[in-house]
Amino acid sequence: MLVSNAAPANPARPSEPTPAIPADLRRRLEPMPARDWRSWVVALWVVAIAAILRFVKLGFPPTLMFDEHYYAREAQELLDHGVEWRYEYDDAGNITADHGADYVVHPPLGKWLIGLGIWLSRTWLSGDQPIYTSISSGPVGWRFTPAVFGVLSVLILTRTARRMFRSTILGATAGLLMALDGMHFVLSRTAILDIFLMFFILAAFACLILDRDHRRALWLRELEHGRNPTTGGKTARLPLTRHTIPWWRLAAGVLLGLGCGVKWSAIFFLPVFAALIYLWEANLRRTLGIPHPWRDALLDEGTWILTMAALVIPTYLATWTGWFATDTGWKRHYLLSQGRDEWPILGALYNLWAYHSEMLSFHTHLTSSHPYQSSPWQWLVLGRPVAIYWDTEPRCGAESCASEILLLGTPVLWWAFIPALIAMTWFGISRRDWRPLAIGASIAAGILPWFYYDIADHRTMYYFYALPAEPFLVLAVAYVLGCLINGRTRSPGRWLALTPQERRRTAIIGAAVFVALVAVCFWIYYPIYVGDSIPYEHWYRRMLLGRHWV
C-alpha cells in the first residue's frame with residue numbers, strides 16, 4: 001500500500017487512543033492488495049495464453065495485407081528519413097520512384113512503434129528475411145510490436161479488473177475473454193495503428209484506478225494517525241508532499257498524449273477521465289464526512305486534473321520529434337515556402353499547426369464509400385466485419401478452398417455485450433456502485449463520438465474503430481458475471497427457489513459455461529482469424545450473417 005510519510009495535521013496525543021475506524025469505512029478505503037504472488041501466477045497464465053495465440057504463425061501471410069501497405073512502409077520510411085517519405089512501388093514492393101516527404105493523415109507514434117519491431121527483427125532476427133525490398137525485415141518484424149502490445153494489454157486488463165472487482169478470478173476472466181476476442185486477436189497480429197491506440201487508452205484508465213486506490217490509501221493512513229477530516233478546513237486536505245502528488249493521475253495524462261500520438265481519437269477519453277477523477281474525489285470526501293465534498297474536491301483536485309490534461313500537449317508534440325528534427329517533413333518549413341519569416345520554435349509550431357489543419361480537413365471530408373465500411377450502429381452486433389486478407393489458392397486438399405483473415409470479434413462474446421450493458425446499468429443503479437459508471441463512461445467515449453461523425457459528416461468508418469471501447473465492454477461482462485456470482489439475496493427463495501449457496505454455485509457454473517462457449521467459438525473461427533486454407537463450404541458456414549460478413 002502506498003502511504004504518506006507526512007505527519008498528520010492533527011495527530012492524536014500519546015495519552016489519547018487513536019479512534020477506531022468503522023469496518024465499513026475501512027473496507028471502502030482499503031485497496032485490493034497488489035503484492036499477492038498467487039494473483040500474479042494467474043495473471044501470467046492468462047498472458048501466456050494470449051502470447052502463444054498471438055505469436056504462433058505471426059509471419060503469415062508473408063506479404064503486406066490491408067493497411068499494412070501504408071503503415072509498415074511508413075514505419076520503414078521513418079527509420080530511414082525520420083519522416084514519412086513518398087515512394088512509388090511495383091507489385092513486388094520494389095521502389096520505382098522517389099517523390100520526397102509524404103503527406104500523411106495520422107500522427108507518427110504508431111508507425112514508430114511498428115518501426116521498432118522492424119529494427120529489432122533486422123538487428124536480432126536474421127532468420128526473418130525481407131519480403132518487400134522497401135522494408136528491411138520480414139512480416140514478423142513489422143507485426144512484432146503489435147503482438148507485444150496486444151499481449152501487454154491483456155496483462156493490464158487482467159490486473160485492472162482484479163483491482164476493480166477485488167477478485168483474482170474475475171480479473172483472470174476479463175483477461176481471458178479479451179485474449180480470446182477475435183478483433184483484439186487479429187489486430188494484435190496486424191501492423192496497423194489501432195492496437196497501440198487501445199493500449200495507451202487502457203493503460204491510462206489503469207493508472208486512474210491506481211490513483212483512486214492510492215488516494216484512498218493515503219486517507220486511510222491519515223485516519224489511522226488520528227486525523228479528523230469532518231471538522232473541515234486544513235484537516236480536510238492532504239498535505240502536499242512527494243507522496244501525496246497524484247503521480248498515477250499525471251501518468252494517465254502522458255499516456256493519453258501518447259494515444260493521441262497514434263490517433264487523435266484518444267482525446268475523446270480526456271474529458272471523461274477528468275470527470276471520473278472529480279466524481280471519485282468528491283465521493284471520497286463524502287465518505288470521509290467532509291462538510292463540502294464537491295467544493296473541496298474542485299479546489300483540491302482541480303489543479304491536478306488540469307495538469308493531467310495539460311500533459312497531453314507536450315507529450316503529443318514529443319511524438320513529432322522526427323518531424324521537428326528534420327528539414328524534410330511535410331510542411332516543415334511552410335512559412336518560408338510562403339515567403340514569410342519563420343521564428344525558431346514558434347515558426348515550427350505554426351508549421352505543424354498548418355499541417356494539422358490539412359489533416360483535419362482530410363478526416364472531415366472522408367466520405368468516399370468502401371465495401372467494408374460500417375456505421376457505429378453495426379459495431380456491437382457485428383454488422384460488417386473487415387476482410388483484411390483473402391486467397392483462393394487450393395492448399396486445403398479440396399476442389400475449392402478459401403483462406404481469409406477476417407477482422408471479426410468472437411461472436412458469442414460480442415453478442416453478449418448489449419445484454420451485459422443493460423444488466424450492468426441495472427446493477428450499478430440498484431447498488432449505487434461506482435464501477436458501472438467508470439466502465440460505461442469509457443465505453444461511451446470510445447463509441448458515441450462516432451455516432452456524431454456518422455450523422456453530421458457521413459464519414460467513412462470501420463468496425464475496428466470500436467477497439468478502444470472493447471476492453472471496457474469486456475469489463476462490463478466480467479462485472480455482470482461477478483454480480484451474478486456474488487449477488488445479495490434477502491430471502492432464500494427469491495431466485496428460482498434456490499438458497500443463496502445454490503444460487504452462487506449455479507452462477508459460477510453459468511459463468512464458466514459462458515467463458516467456455518467463448519473459447520469454443522474462438523476455436524471455431526480461428527481458421528479465419530489466421531488465414532488457414534479451408535474448404536470453401538467450411539468457410540461459408542462460418543458466415544452466420546451471410547452477405548454482411550462476406
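Positions are given from 1, in the same order as the sequence printed here. Not measured: the values here are computed from a predicted model.
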Does a side chain donor of either [X] or [Y] reach within less than 3.5 Å of an acceptor in the other side chain?
X	Y	value
Arg122	Ser137	no
His333	Glu342	yes
Trp264	Tyr316	yes
Arg189	His184	no
Glu68	Thr190	no
Asp181	Trp414	yes
Asp454	Ser375	yes

Ring centre gap for [X] and [Y] strictly below 6.0 Å:
X	Y	value
Trp450	Tyr453	yes
Trp330	Tyr103	yes
Phe205	Phe472	yes
Tyr372	Tyr463	no
Trp320	Tyr355	yes
Phe185	Tyr525	no
Tyr70	His106	no

Applying side-chain contact (heavy atoms from CB on, under 4.5 Å) to Ser361 and not counting sequence neighbours gives His365
Applying ring-ring contact (aromatic ring centres under 6.0 Å, His included) to Trp142 and Trp119, what does each step give before you reach the verdict? CA-CA 9 Å; Trp142 65 69; Trp119 178 82; over 10 Å; no
With ring-ring contact (aromatic ring centres under 6.0 Å, His included) as the test, would you mind laying out the steps for Phe196 and Tyr71 before giving the verdict? CA-CA 13 Å; Phe196 305 116; Tyr71 301 126; 9.8 Å; no
field: Within 6.0 Å of CH2 in Trp343, more than 12 heavy atoms from elsewhere
entry: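 Counting neighbours around CH2 of Trp343, 12 or fewer heavy atoms of other residues, nucleotides or ligands fall under 6.0 Å, so no.
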>> Would you say CZ of Arg86 has more than 12 non-hydrogen atoms from neighbouring residues, nucleotides or ligands within 6.0 angstrom?
In response: no
| task | Run the numbers on Glu301 and Arg249 for salt bridge (Lys or Arg N to Asp or Glu O under 4.0 Å), then give the verdict. | result | CA-CA 11 Å; Glu301 309 299 333; Arg249 190 180 307 172; 2.8 Å; yes
Look at the aromatic rings of Tyr87 and Trp85 and report parallel, tilted or perpendicular, splitting at 30° and 60°.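 Tyr87 and Trp85: tilted rings.
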Notebook entry, point to check: What class does the angle between the rings of Phe451 and Trp377 fall in, given that below 30° is parallel, 30 to 60° is tilted and above 60° is perpendicular?
Noted result: perpendicular
Would the distance check show the side chain of [X] and the main-chain N or O of [Y] forming a donor-acceptor pair, the cut-off being under 3.5 Å?
X	Y	result
Trp549	Leu382	yes
Arg395	Ser533	no
Arg340	Tyr334	no

Tyr89 vs Tyr132, test: ring-ring contact (aromatic ring centres under 6.0 Å, His included). Steps then yes/no.
CA-CA 10 Å; Tyr89 304 91; Tyr132 280 69; 8.1 Å; no
